[in-house]
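A quick write-up on the structure given underneath.
Quick note: numbers below take in every heavy atom, side chains included, and nothing from hydrogens, waters or symmetry partners.
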Amino acid sequence: MIPEIHIEDYNYPLPDERIAKYPLPRRDASKLLIYKDGMVDTKVFSELPQFLPEGSLMVFNDTKVVPARLHFVRDTGAKIEIFCLQPVNPVEYNTAFAATESCSWQCVIGNSKRWKDDLLSYDIPEGCEAEIAKMNLRARLVSREAQTGVVEFTWEGGEPFSRVLELCGQVPIPPYLNRETEALDVERYQTLYAHIRGSVAAPTAGLHFTEETLQAIRDKGIDIENVCLHVGAGTFLPVKSSNVADHPMHREPFVVTLDFLRKLLARKGKLVAVGTTSVRTLESLYYVGVSIIETGAPEDVPQWAPYTRDYPYSTEEALQAIVSWLEKGCLSALKVGTRIIIVPGFQFRLVDVLVTNFHQPESTLILLVSAFVAGDWRTIYDYALANNYRFLSYGDSSLLFRR
């Protein structure tokens, strides 16, 4: 049964001065709130390894943020911002990034009312004319839906689209920072272990990790693994309906390797997820396994799948179903999508410990945190507000033990 949850119950006062507009000079110098058994304490993020359970398996999301914001101009002089969300033609990220002449993307279009059916030219910044002008980057509107649409990009010179974005695009920092992208964001709005291009928002819990912190985790004997969930622009969307049941979740594609799934099945210690994107990936695996058991093939996870029925299968059975399906097909990785929403009442089947930042009021991420700590999210947020924690993407961190 879909739970009845009112988003206004997950509001809290967040003064603008508590939103971290810029990162600290050193990634692991942020505060670390530790929540365990209802008790809260403050440490420094560089101390994180000593508080992780012995024998844990720690999971990171190694998606890489794409410089997906492009600025174009009409012949009339009107400025049009185009924010690439996901590829349409070709539909696979790697193929779209490798395209050398044209590709189409689902996009958010700023100032869209000013864009008719004309071909747009890239708005070349001063000082970059020689390198970019020869590309002749253009944009054509294929279809339109409210503030989004499908845009076809064309360019010359044979460069792959990934290179076009590197030269012409900007890192899409969150809109609540209320500032333009700056040079430091290119490095700092990206995790050190970012590997697979495709996200339009960073998995921000990972922004705190330094090479020293990662090495200290390994030195403690904690196993580190990666999954990849491409974070969509929907991560910025507020819950506009009072009843959370009316809020649509966006689809996010994810990839999990066969070797990692085998490791999940064999693990004995706690499972530590770095970030809410890792949680959504890991907890979605159960429902993918169920779809294989019941239909013979993996299917995308619907938003409310965890709440609409009881499931008779164990977590081990679901994971084994995925492993067996991959082995039978001689596949090395599971590639599927999820729209899962994690709200109070959710039954966690895999994740025991969560590393995460402090999230916006009335957001789906607050709902996830509340579900993880059995409704005790206000204890955490009241403490953070009273102790001068910095909030949101460039803010401080927390280590939460599931209740």
Side-chain angles (χ1 to χ4, degrees), residues 20-32 44-49 52 56-69 93-94 97 162 165-166 169-174 176-177 181-218 222-233 235-236 252-257 260 271-282 351 353-359 365 368 390-400:
K21 301 296 173 63
Y22 292 90
L24 295 176
R26 184 173 172 85
R27 289 175 182 262
D28 61 3
S30 58
K31 290 183 179 180
L32 176 68
V44 178
F45 192 86
S46 58
E47 301 176 279
L48 171 74
L52 297 174
S56 296
L57 174 58
M58 196 167 193
V59 181
F60 294 80
N61 182 6
D62 66 358
T63 187
K64 189 172 186 178
V65 179
V66 176
R69 288 175 61 193
Y93 280 88
N94 286 344
F97 287 132
S162 58
L165 289 176
E166 287 174 10
Q170 290 185 338
V171 174
I173 60 173
Y176 49 66
L177 295 184
T181 300
E182 299 181 23
L184 65 84
D185 297 308
V186 176
E187 175 192 357
R188 295 302 300 274
Y189 196 63
Q190 196 83 269
T191 64
L192 289 183
Y193 48 83
H195 178 59
I196 303 174
R197 294 174 302 215
S199 280
V200 297
T204 54
L207 298 180
H208 305 278
F209 287 86
T210 60
E211 294 294 354
E212 293 81 359
T213 307
L214 291 168
Q215 189 57 52
I217 291 169
R218 296 187 188 97
I222 292 172
D223 205 354
I224 289 177
E225 284 287 343
N226 293 322
V227 295
C228 181
L229 179 140
H230 290 318
V231 188
T235 192
F236 298 138
E252 292 172 312
F254 69 86
V255 179
V256 177
T257 67
F260 171 65
L271 186 62
V272 181
V274 177
T276 57
T277 61
S278 296
V279 173
R280 293 206 302 277
T281 302
L282 292 165
V351 180
V353 185
L354 169 62
V355 178
T356 191
N357 286 9
F358 296 92
H359 306 292
L365 303 182
L368 185 152
R390 303 163 72 247
F391 279 65
L392 307 186
S393 295
Y394 277 144
D396 292 317
S397 184
S398 65
L399 177 67
L400 311 179

Inset, instruction - Verify side-chain contact (heavy atoms from CB on, under 4.5 Å) between Leu368 and Arg280, making sure each step is shown before the conclusion. - result: CA-CA 9 Å; Leu368 185 152; Arg280 293 206 302 277; 4.3 Å; yes
Inset, instruction - Could you tell me whether the side chain of Gln170 and the main chain of Arg69 form a donor-acceptor pair under 3.5 Å? - result: no
Inset, instruction - Considering non-hydrogen atoms only, spot the tightest contact between Asn357 and Ser393 and give its length. - result: ND2-O, 3.2 Å
Inset, instruction - Given side-chain contact (heavy atoms from CB on, under 4.5 Å), test Asn226 with His195 step by step and report yes or no. - result: CA-CA 10 Å; Asn226 293 322; His195 178 59; over 6 Å; no
Legend entry - side chain to side chain donor-acceptor pair (under 3.5 Å) partners of Asn94, counting only residues at least two apart: none
Inset, instruction - Only counting residues at least two apart or in another chain, list the ones meeting salt bridge (charged side-chain N to carboxylate O under 4.0 Å, His left out) with Arg27. - result: none
Inset, instruction - Determine yes or no for a side-chain-to-main-chain donor-acceptor pair under 3.5 angstrom, with Asp223 supplying the side chain and Leu57 the backbone. - result: no
Legend entry - CA sep, side-chain torsions, deciding dist, call: Tyr394, Leu177, side-chain contact (heavy atoms from CB on, under 4.5 Å): CA-CA 9 Å; Tyr394 277 144; Leu177 295 184; 4.1 Å; yes
Inset, instruction - Classify the angle between the aromatic ring planes of Tyr193 and Phe209 as parallel (below 30°), tilted (30 to 60°) or perpendicular (above 60°). - result: perpendicular
Inset, instruction - Search all heavy atoms of Val272 against all heavy atoms of Leu52 and return the closest pair with its distance. - result: CG1-CD2, 4.3 Å
Inset, instruction - Indicate whether any N or O donor in one side chain lies under 3.5 Å from an N or O acceptor in the other, for Thr213 and Thr210. - result: yes
Legend entry - Residue list, side chain to side chain donor-acceptor pair (under 3.5 Å) with Thr356, at least two apart or on another chain: His359
Inset, instruction - For His230 and Val255, run side-chain contact (heavy atoms from CB on, under 4.5 Å): C-alpha distance rounded to whole Å, both residues' side-chain angles, the deciding distance at 0.1 Å, then the answer. - result: CA-CA 9 Å; His230 290 318; Val255 179; over 6 Å; no
Legend entry - Shortest non-hydrogen contact from Tyr93 toward Pro253: CE1-CG, 4.0 Å
Inset, instruction - Tell me, please, which residues at least two apart from Glu47 pass salt bridge (charged side-chain N to carboxylate O under 4.0 Å, His left out). - result: none
Legend entry - Any residue meeting ring pair (Phe, Tyr, Trp, His ring centres under 6.0 Å) with Phe254, in chain and number order, not counting sequence neighbours: none
Inset, instruction - Return the minimal non-hydrogen interatomic distance between Val279 and Ala273, and the atom names on each side. - result: CG2-CB, 3.7 Å
Inset, instruction - For Ser398 and Phe358, work out which heavy atoms get closest and say how close. - result: CB-CZ, 3.9 Å
Inset, instruction - Could you tell me whether the side chain of Asp396 and the main chain of Ser30 form a donor-acceptor pair under 3.5 Å? - result: no
Legend entry - Side-chain heavy-atom pair Met58, Val355 within 4.5 angstrom cut-off: yes
Legend entry - Interatomic distance, Phe60 atom CZ to Thr277 atom OG1 [nearest 0.5 angstrom]: 11.5 Å
Inset, instruction - If a pair satisfies salt bridge (charged side-chain N to carboxylate O under 4.0 Å, His left out) and one of its residues is in residues 186-196, list it, with sequence neighbours excluded. - result: none
Legend entry - Partners passing side chain to side chain donor-acceptor pair (under 3.5 Å) against Ser56 (at least two apart in sequence or in another chain): none
Inset, instruction - With the side chain counted from C-beta on, respond yes when Ile222 and Pro49 share a heavy-atom pair under 4.5 Å apart, and no when they do not. - result: no
What pairs of donor and acceptor atoms, side-chain ones from residues 197-205 against any protein atom, are under 3.5 angstrom apart with sequence neighbours left out?
{"residue": "Ser199", "atom": "OG", "partner": "Thr63", "partner atom": "OG1", "Å": "2.7"}
{"residue": "Ser199", "atom": "OG", "partner": "Val231", "partner atom": "N", "Å": "2.7"}

Inset, instruction - Return the set of residues passing salt bridge (charged side-chain N to carboxylate O under 4.0 Å, His left out) with Arg26 (not counting sequence neighbours), or none when no residue passes. - result: Asp28, Glu212
Legend entry - Partners meeting salt bridge (charged side-chain N to carboxylate O under 4.0 Å, His left out) with Asp62 (sequence neighbours left out): none
Inset, instruction - Report the residues that fulfil side chain to side chain donor-acceptor pair (under 3.5 Å) with Gln190, sequence neighbours left out, ordered by chain and then residue number. - result: none
Inset, instruction - State, with a plain yes or no, whether a side-chain heavy atom of Thr281 is found less than 4.5 Å away from one of Asn61. - result: no
Inset, instruction - Kindly give the heavy-atom pair with the smallest separation between Thr181 and Val171, and that separation in Å. - result: OG1-O, 2.7 Å
Inset, instruction - Could you tell me the separation between the CZ atom of Phe97 and the CD atom of Glu166, rounded to the nearest 0.5 Å? - result: 10.0 Å
Inset, instruction - Could you pull out all residues at least two apart from Phe260 that satisfy ring pair (Phe, Tyr, Trp, His ring centres under 6.0 Å)? - result: none
